[in-house]
K.L.:
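One structure coming up, written as structure tokens, with questions to follow.
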Amino acid sequence: MFTEVLVGLVIGGLIFFLAQRSKKQVLKTEDGWWGIGIPPDGEEDATIRPFKVTTSEEELEDLYRRIDQTRPVTSLEDSQFHYGFNSQCLQKVVSYWRNDFNWRRQVDKLNQYPHFKTKIEGIDIHYLHVKPKNVPEGTTAIPIIMVHGWPGSFYEFYGLIPLLTEPSAPDHLVFEVVCPSIPGYGYSEAPHKKGFNSVCAARVFHKLMKRLGFHQFYAHGGDWGWLITTNMAQLDPKSVKGLHVNFAPPSKPSLPIVLSVILGRYFPKLFGFSDMDVEHLFPCMEKLVVESFKESGYMHIQATKPDTVGRGLNDSPVGLAAYILEKFSTWTCHDFRNLEDGGLTRKFSLDDLLTNVMIYWTSGCIVSSMRFYKENLGKGLNQPHSKLPVYIPTGFACFPNELMYTPKLWVKQKYRKLLTFTPMARGGHFAAMEEPQSMAEDIQKFTKIVRGHLLF
């Protein structure tokens, strides 16, 4: 009898311990204040204010003057994009920007969707809020927050938004889209204090969604948006009904990941590797180490001394364009480094590329956007959120030319409830902008599965 009681107590204690441990798998955070000075007494102003992107003759004259005064540099012979943005190509881009690009027309395009600002934790948060025009009778629109990264902006989603809010097929779900600018990016105010990282952004965006009346919603992100929306799921898993991402580099090398790197080329089926996985992972020294080294120089600068290089970019529109657009070349496809024009217009139009650059230029946000790297990487990679798995329903869109290719096995190490993993036929790092139709279809598929899953 005593033994049975003892065994019962041990089992009960173990169950209690595991239950308590499971409950602790939630990311902890505290409210912050990122405005100038100390927080004012009383409650924060929660007013939501309409916002419009504007321009002026003075703004354009200043831009043109700076472009006209740039000092061209000659590229090395036969260097293509291997040394960075090819100067001959840059001169053509700058000539188009100076003589043909119509910023006023693009401002009208930016304003086709409703923009707003609201103050959260002391800073103004800019966001789009796009409601569907037609919602089928008996249904409601599904709220989704979509978060961009660097060196992108909310504009990355302009091709995706109508596919979600105005779907063409009768069996498609209808979404209500909230698309914020990360603080320090675009038209969101930059934090005035040190320490604003992805967890802080996640907390701010949770507050934004609740302020808009959404206590449960879906989330989508790529680049920094992947980490911010992942942190949102870790902070309040009951609010995020489903998480869809297209970027998910491993936060730490688990044993399955290490073994798959060592043995996956020889025993791919053992790790569930497809032909596509093997092609993009091996030989790993070349694909994972050398390629990462070639494309990560910017990260070391921005994670250590962002303000130094940022001042130069903030003063030179041509320097800013070269710095940003180089990423839209090589991060879209590594092979574009071998082309004289960097393949820029193979996937994007110059109007769209320069619109994104102009959001950085006119808002003067390049320095504050780069600081986000120092805030997230300056304290090392072993932060609390990196250790916590994600247990909410997750979907992953696997684009073959992503900056860091991530097979299903690796994604599952972090996202324990991975419901969909979709190998895409084409596309790179800026997938929402490059392949909006494929992205919309995958978000549709994932959300339908989550909704069906939650019914049972």
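Atoms considered below: every heavy atom in the structure, side chains included; atoms not considered: hydrogens, waters and symmetry mates.
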K.L.:
Step through it carefully: locate the ring centre of Tyr298, locate the ring centre of Tyr373, and say whether they are under 6.0 Å apart.
P.N.:
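That pair passes the under 6.0 Å test.
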K.L.:
Applying side-chain contact (heavy atoms from CB on, under 4.5 Å), can you list everything that pairs with Glu137, at least two apart in sequence or on another chain?
P.N.:
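With neighbours one apart ignored, the set is empty.
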K.L.:
With a 3.5 Å cut-off and no angle check, do the side chains of Asn401 and His334 form a donor-acceptor pair?
P.N.:
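The criterion, which ignores hydrogens and geometry beyond distance, is not satisfied for His334 and Asn401.
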K.L.:
Decide if the gap between the ring center of Phe430 and the ring center of His148 is smaller than 6.0 angstrom.
P.N.:
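Between Phe430 and His148, the centre distance exceeds or equals 6.0 Å.
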K.L.:
Does atom CZ (Arg49) have a neighbourhood of more than 12 heavy atoms from anything else shown, all under 6.0 Å?
P.N.:
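Result for CZ/Arg49: enclosed.
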K.L.:
Can we call the ring centroids of Trp224 and Phe372 under 6.0 Å apart?
P.N.:
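Aromatic pair counts; centres sit under 6.0 Å.
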K.L.:
Please check if any side-chain donor atom of Tyr187 sits under 3.5 Å from a side-chain acceptor atom of Asp124, or the reverse.
P.N.:
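Tyr187 vs Asp124: no donor-acceptor pair found between side chains.
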K.L.:
Does the ring centre of Tyr113 sit less than 6.0 Å away from the ring centre of Tyr158?
P.N.:
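Yes; Tyr113 has its ring centre under 6.0 Å from that of Tyr158.
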K.L.:
Evaluate whether atom CG of Asp45 has more than 12 neighbouring non-hydrogen atoms of other residues, nucleotides or ligands under 6.0 angstrom away.
P.N.:
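For Asp45, atom CG is crowded (more than 12 foreign heavy atoms under 6.0 Å).
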K.L.:
Does the side chain of Tyr127 come under 3.5 Å of the side chain of Thr118 through a donor N or O and an acceptor N or O?
P.N.:
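No, Thr118 and Tyr127 have no side-chain donor paired with an acceptor closer than 3.5 Å.
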K.L.:
Aromatic ring centroids of Phe348 and Phe328 under 6.0 Å?
P.N.:
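They qualify: ring centres under 6.0 Å apart.
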K.L.:
Measure centre to centre between the rings of Phe51 and His126, then say whether the value is under 6.0 Å.
P.N.:
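Ring-ring flag for Phe51/His126: true, centres closer than 6.0 Å.
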K.L.:
Judged by modelled atom types alone, do Lys445 and Thr420 share a side-chain donor-acceptor pair under 3.5 Å?
P.N.:
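Note: Lys445 and Thr420 side chains miss the donor-acceptor criterion.
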K.L.:
Please determine, by modelled atom types, if Thr332 and Glu434 share a side-chain donor-acceptor pair under 3.5 angstrom.
P.N.:
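Looking only at side-chain atoms, Glu434 and Thr332 do not form any donor-acceptor pair under 3.5 Å.
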K.L.:
Give a yes-or-no answer on whether the side chains of Asn246 and His429 include a donor-acceptor pair shorter than 3.5 Å.
P.N.:
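No, no side-chain donor-acceptor contact under 3.5 Å.
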